[in-house]
Amino acid sequence: LINKYSLSGDSFEFMHAVITTHVIACALEQNNNTEKTDAPTWIITLLDKLNNLDFLILPMREIISSIGYSQEYICREFKKYMKQTVVSFFNSQKIHYASFLLMNTNMKILEIAITIGYSSPKNFIHQFTKMYHMAPNEWRKKNQLSSRK
């Protein structure tokens, strides 16, 4: 990321602020997700997997089967400890990553949808709009880093 903006002529202060903000946001989100000390180890493991791009692009059923418990048990216990469904958490992680891609790349909406595991761009756009209250293209126009100087 630094190399990209160094070549484009953006100031170091701007690059530093963007990267620092992103790192702090990721650290705070990770801290919020793993601060549940009473949560079983498998939930912490699942959260770690859902924060990893390699797992983020897998279908949810594959991620759940890798935990070793039944889907019903995982869903029930996850909601008990995390106060949201595992599917809701999983989808929000995908959409957060999509917002990062929108802000930092020129990938097309279809490419982003496919990258994060949506088979339908329409479904991706619906989920993104539901979370950010604006369509991905509109969000990109307001937040894309390469347009700021």
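Between the CD atom in Gln84 and the NZ atom in Lys79 there is a gap of 9.5 Å [rounded to 0.5 Å]. Note that the CD1 atom of Ile95 and the CG atom of Leu101 stand 10.5 Å from one another [nearest 0.5 Å]. With rounding to the nearest 0.5 Å, the separation of CD in Gln127 from NZ in Lys94 is 9.5 Å. With rounding to the nearest 0.5 angstrom, the CH2 atom of Trp42 is 9.0 Å from the OH atom of Tyr81. The SG atom of Cys75 sits 14.5 Å away from the NZ atom of Lys80 when rounded to the nearest 0.5 Å. From Met131, atom CE reaches atom OG1 of Thr129 across 12.0 Å, with rounding to the nearest 0.5 Å.
Of all heavy-atom pairs spanning Phe124 and Ala98, the tightest one is CE1-CB, 3.5 Å. Between Asn91 and Tyr118 the shortest heavy-atom distance is OD1-OH, 3.8 Å. Closest approach of Met107 and Arg140 over heavy atoms only: O-NH2, 2.7 Å. Of all non-hydrogen atoms in Tyr132 and Ser99, the two that sit nearest each other are OH-OG, 3.1 Å.
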**Report entry** Stepwise side chain to side chain contact (heavy atoms under 4.5 Å, CB included) test for Leu46 and Phe90
**Finding:** CA-CA 10 Å; Leu46 179 59; Phe90 183 61; over 6 Å; no

Query raised in the report: What do the steps show when you test Glu138 against Lys141 for salt bridge (charged side-chain N to carboxylate O under 4.0 Å, His left out), and what is the final call?
Result: CA-CA 5 Å; Glu138 183 182 355; Lys141 286 177 188 171; over 6 Å; no

Tell me which donor-acceptor pairs under 3.5 Å the side chains of residues 59-67 have, and how far apart each pair is, sequence neighbours excluded?
residue	atom	partner	partner atom	Å
Ser65	OG	Arg61	O	3.3
Ser65	OG	Glu62	O	2.9
Ser66	OG	Lys49	NZ	3.1
Ser66	OG	Ile63	O	2.6

Only distances under 3.5 Å count here; give the side-chain donor-acceptor pairs of residues 108-117 to other protein atoms, sequence neighbours excluded, each with its distance to 0.1 Å.
residue	atom	partner	partner atom	Å
Glu111	OE1	Lys108	N	2.7
Thr115	OG1	Glu111	O	2.7

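Taking the six-membered ring for Trp and thresholds of 30 and 60 degrees, Tyr69 and Tyr73 have ring planes inclined between 30 and 60 degrees apart.
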